[in-house]
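See below for the structure under consideration.
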Amino acid sequence: MAAAGLPANGPRAIVVVREADGRLRDLAWAPAADTEVTPVHLDEPDGLDVLRHSTAHVLAQAVQDVFPEAKLGIGPPIRDGFYYDFDVEKPFQPEDLGKLEKRMQDIVKAGQTFRRREYSSLDEAKAELKDEPFKLELVDIKGSDDAVDESDVSVEVGAGELTHYDNLNKDGERVWGDLCRGPHLPSTRLIPAFKLMRSAAAYWRGSEKNPQLQRIYGTAWQSRDELKAYLNRLAEAERRDHRKLGTELDLFSFPDEIGSGLVVFHPKGGVIKREMEDYVRARHIEEGFQYVGSPHITKEGLFHTSGHLPYYKDTMFPPMELEGANYYLKAMNCPMHNLIFRSRGRSYRELPMRLFEFGTVYRYEKSGVVHGLTRVRGLTQDDSHSYVTAEQAPDEIKHLLNFVRSLLDDFGLDDYYLELSTRDPKSDKFIGSDEQWERATKVLEDVATESGLELVLDPGGAAFYGPKISVQAKDAIGRTWQMSTIQYDFNQPAGFGLEYQAADGTRQEPVMIHSAKFGSIERFFGVLVEHYAGAFPAWLAPVQVVGIPIRDDHADYLAEFVAKLKKAGIRAEVDYSTDRMQKKIRTAQQQKIPFMAIAGDDDVNGGTVSFRYRDGSQRNGVTIDEAVAHVVEVVRSRVNTGPSAA
RNA sequence: GCCGCCUUAGCUCAGUCGGCUAGAGCGACGCACUCGUAAUGCGUAGGUCGACGGUUCGAUUCCGUCAGGCGGCUCCA
C-alpha cells in the first residue's frame with residue numbers, strides 16, 4: 001500500500017476496505033474474484049470502530065496476561081471507545097487499570113498482526129474454545145441459528161462463517177487469539193492513542209438473571225490530539241454537570257435527612273422553577289387546558305382500577321394503612337383526572353376536554369438509578385389529559401406535539417429527537433388487544449413522522465396502557481433523558497367506564513391522551529442547567545442585575561437604580577459586601593449574573609451606569625432610564641442568548 | 001436491586017502505617033483599607049472525621065451492618 005502511495009500510518013491510514021455491499025474486510029483479505037473495494041481510513045466512523053474493536057482485543061490479551069484465569073465475554077466498540085467483559089475471581093480495582101494499560105502499551109509497541117482464521121465446523125470451534133465458557137455459549141447460540149442479529153453477540157460471531165483472530169508477534173508466533181468476526185487493524189501498531197477509563201459490573205448478555213461480569217471501559221482515537229480533545233470534552237462536561245452547578249449556584253440540594261432522590265429547591269433555584277411553572281401554566285391555559293388539582297395519596301382501589309397496582313406496583317412506594325384501608329402515594333396523576341371527568345355526565349360538546357395540573361408524584365426508583373435531578377423519587381409533572389373522541393385523537397396529538405415543540409423552542413433547547421415507544425407483543429406487561437395497540441401506534445407514528453423531526457423507534461418501551469411519543473434530550477455527558485411525553489391511552493377510559501353522550505344520543509367511550517410538556521419540572525430543570533452551563537438567559541436568571549459600586553459611597557446611587565429595576569419587575573440587587581470592586585465583579589461573574597451595573601464617580605456625576613455583561617463586554621455611560629429600558633427589553637424578549645454589548 | 005469505589009469544616013481537598021490539642025484554600029463573620037472592570041490585608045469562628053455495632057489498653061484510621069454519594073449494569077409509565 002505504501003508502494004501505491006496510500007497512507008499506511010497516521011490518522012488517515014487505510015485500515016480496512018469496504019466491499020460494494022458495505023461489508024468491511026481486513027486488508028489481508030483475498031477475495032475469490034476481482035472485486036471493487038473502497039479504502040476505509042482510520043479517522044472515519046467505520047475506521048474508528050475497527051480501531052476501538054482492535055483495542056478491545058489488546059485489552060483482553062492484556063487482561064489474560066495479567067490475570068490468566070480471566071474468562072472472556074464480549075468486547076465491542078461503542079461511542080467514543082470500547083469495552084470488554086471478563087469473568088474474573090476478584091473485580092478489577094482502580095489500580096489494576098494502570099497495570100493493564102502498561103501491558104497494552106507493550107502489546108501495541110510489539111506490532112502484533114491480526115490473522116483471520118475460519119473454523120471448518122462448530123465442533124472445531126468448540127474444541128478450541130473449551131476453556132472459554134462464554135465464547136462457547138456464543139458458538140452455541142450461533143449453532144442454534146438464533147439471535148445472531150442481536151448487536152451484542154453479532155460483534156463476536158457475526159453472520160455466516162465462524163471465525164477466529166490470532167495475534168501474531170514479529171516472528172509470526174501466535175501469542176493470543178479470540179473468537180471474532182472482525183475485521184481488525186492490520187497491526188496493533190496502528191493504535192495511536194487509547195486510555196482505560198473505568199471498570200464496572202455488567203450482566204452477561206444484558207440480563208439481570210445472568211451472572212455479572214467485570215467490564216472495563218476504554219477510549220481510543222486516531223491521534224494523541226484527538227484523545228486529548230476527548231478528555232477535554234469530558235472535563236468540560238463535568239463543569240456543566242447540574243449536580244455540581246446546583247451547589248455552586250445555590251439552586252437546590254438533596255439533604256440526606258430527607259432521603260435519596262428527594263430534592264429541595266433553594267431560593268435561587270426556586271426563581272427558575274417558578275419561571276418555568278408560570279410559563280407553562282399560562283401556556284396551558286392558552287392552549288385550551290383547564291387547571292385542576294388532586295391529592296398526593298389515595299386509597300388503593302383507584303390504582304387497581306387504573307391498572308397501576310397490577311402493572312406498576314414495584315415502582316410505587318409501599319402502602320400505609322389507616323382506618324382499615326391501604327393508602328398509596330400517587331405515582332401518576334391520570335386516575336385522579338379520570339375521576340374529574342367522571343364526576344358528572346359529559347357531552348360530546350365538551351370534547352376535547354383538557355385537564356392540567358402540576359402533579360407531584362412519588363416513584364420508588366431503585367437505589368442504584370437515582371441520579372441528580374434527572375432521576376428522582378419525588379417529582380412534579382406538568383401533567384395533562386385530553387379526553388377526545390377517537391376521530392379527534394390525531395388532531396389533538398398534533399396539537400400537543402406542536403405545543404411541546406414551541407415550549408422547547410422558548411427554552412432554547414434544540415438538541416433533541418423523538419422516540420416512539422411501542423409494546424413488546426411477546427410481553428404480558430401491556431394491556432389491550434392487538435388491534436387497539438396497532439391503531440394507537442399508527443396515530444402516533446403518523447403525527448411523529450409528519451413533524452419531520454428525527455424519530456427513533458423504541459420497541460417494548462411503551463407504558464402498560466398505551467404507546468407514546470417522547471422527546472429525548474441530551475445532558476452534558478451525552479446521556480439522553482426522556483422529557484416531554486405524549487401517550488395514547490385506550491385502556492383507562494374502559495377501566496374507569498368513562499363515557500360521553502354523542503350527538504346521536506348514544507354513549508361513547510372517549511380516548512385519553514396523556515401529555516407532560518416539561519416531563520418533570522426536576523428533570524427539565526437539570527437539563528436546562530446543563531444546557532446553559534448555569535449561565536441562564538436573562539429571563540430565567542435568578543438574579544438578573546447586580547449593582548457594583550466602585551466605592552462604598554456609590555452604593556446609594558445604585559440602590560436607586562435597582563429600585564427602579566425592581567419596580568419594572570426585574571430581579572436586581574446591590575452588592576453591599578465589603579469586597580473591593582474587582583472582587584465583586586469576580587463574584588458576579590462566577591454567579592453567572594447576566595448584567596453587572598457598575599457605578600463610580602463618573603457615573604454618579606453623569607447620571608449613568610456602566611454595564612459589564614457576562615461575556616466580559618462593556619457598555620459604559622448608559623443613562624439610568626436607558627439602562628432600565630435596556631434590561632427590561634432583554635428580559636421581556638426572552639431571548640436565550642447574551643446579553644452582550646456586541 | 002447488582003458490582004466496584006467513595007464519605008474528614010458550608011464547598012474543594014490534605015492527613016492519621018491504630019496513640020496527646022485533625023490541617024489548608026475558598027466561603028462566613030470581624031477590623032483596617034475606599035479602590036473604574038475576574039481574588040486588598042490581618043484576624044475570628046467553624047469538625048462527636050456519614051451513623052451504629054465489633055476488635056483493641058486506645059478507633060477518624062482495622063472489621064461488620066446501615067445510610068448517602070459516584071461510575072456502570074438492570075430498570076425507567
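Within every chain, numbering begins at 1; the chains are lettered A, B, ... in the order of the sequence lines, protein sequences first and strands thereafter.
- Considering only side-chain N and O atoms, Y203(A) lies nowhere under 4.0 angstrom from the phosphate OP1 or OP2 of C3(B).
- When the nucleotides C3(B), C75(B), G36(B) are ranked by their closest atom to the side chain of A201(A), C3(B) comes out on top.
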Show your working on ring-ring contact (aromatic ring centres under 6.0 Å, His included) between F82(A) and Y84(A) and close with a plain yes or no.
-> CA-CA 7 Å; F82(A) 60 89; Y84(A) 210 113; 8.9 Å; no

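- Other residues, nucleotides and ligands contribute over 12 non-hydrogen atoms within 6.0 Å of the NZ atom of K71(A).
- The side chain of R215(A) places no N or O atom within less than 4.0 Å of a non-bridging phosphate oxygen (OP1 or OP2) of G72(B).
- Considering only the side chain of P91(A), C3(B) comes nearest among C3(B), C35(B), C76(B).
- Using a 4.0 Å cut-off, no side-chain N or O of R580(A) falls inside it from OP1 or OP2 of G36(B).
- Here the two rings, on F595(A) and H630(A), have centers that are under 6.0 Å apart.
- Nucleic acid contact class of D579(A) (heavy atoms, under 4.0 Å, all strands): none.
- The base of C75(B) sits with one of its N or O atoms less than 3.5 Å from a complementary donor or acceptor on the side chain of R375(A).
- Distances shown here put every side-chain N or O of K468(A) at or beyond 4.0 Å from the OP1 or OP2 atom of C76(B).
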Evaluate the criterion side-chain contact (heavy atoms from CB on, under 4.5 Å) for residue pair Q589(A) and R612(A); output intermediate values, then yes/no.
-> CA-CA 10 Å; Q589(A) 197 75 50; R612(A) 180 196 161 102; 3.1 Å; yes

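- Distances were taken from every side-chain heavy atom of D602(A) (C-beta onward) to each of U74(B), C76(B), G36(B); the shortest belongs to G36(B).
- As judged by a 4.0 angstrom heavy-atom cut-off over every strand, D603(A) is placed among the base-contacting residues.
- In this model, the phosphate group of C33(B) is not approached by any side-chain N or O of T578(A) to a distance below 4.0 Å at OP1 or OP2.
- Among the protein residues, D256(A) comes within range of the sugar-phosphate backbone only, with heavy atoms under 4.0 Å from sugar or phosphate atoms but none that close to a base.
- Taking for each of K583(A) and Q487(A) the nucleotide of RNA chain B with the nearest heavy atom, the 5'-most of the two is the partner of K583(A).
- Using a 4.0 Å heavy-atom criterion, one finds that E248(A) contacts no nucleic acid atom at all.
- With both ends at atom C1', the span from A51(B) to U40(B) equals 43 Å, rounded to whole Å.
- Distances shown here put every side-chain N or O of H554(A) at or beyond 4.0 Å from the OP1 or OP2 atom of U34(B).
- Distances shown here put a side-chain N or O of Q93(A) below 4.0 Å from the OP1 or OP2 atom of C5(B).
- Taking atom C1' in both G71(B) and A32(B), the straight-line distance is 49 Å, to the nearest Å.
- Nucleic acid contact for F430(A): none, since no nucleic acid atom lies under 4.0 Å from a heavy atom of the residue.
- Comparing G460(A) and S199(A), the nucleotide of RNA chain B nearest to each residue sits closer to the 5' end for S199(A).
- The side chain of Q582(A) sits closest to G36(B) out of G68(B), G36(B), U34(B).
- Residues Y465(A) and H514(A) bring their aromatic ring centres within 6.0 Å.
- R243(A) places its CZ atom 13 Å from the P atom of U12(B), with the value rounded to the nearest Å.
- When rounded to the nearest whole Å, the span between CD of E365(A) and C1' of G68(B) equals 17 Å.
- In this structure, G36(B) makes no Watson-Crick or G-U wobble pair, since no nucleotide meets both defining distances under 3.5 angstrom.
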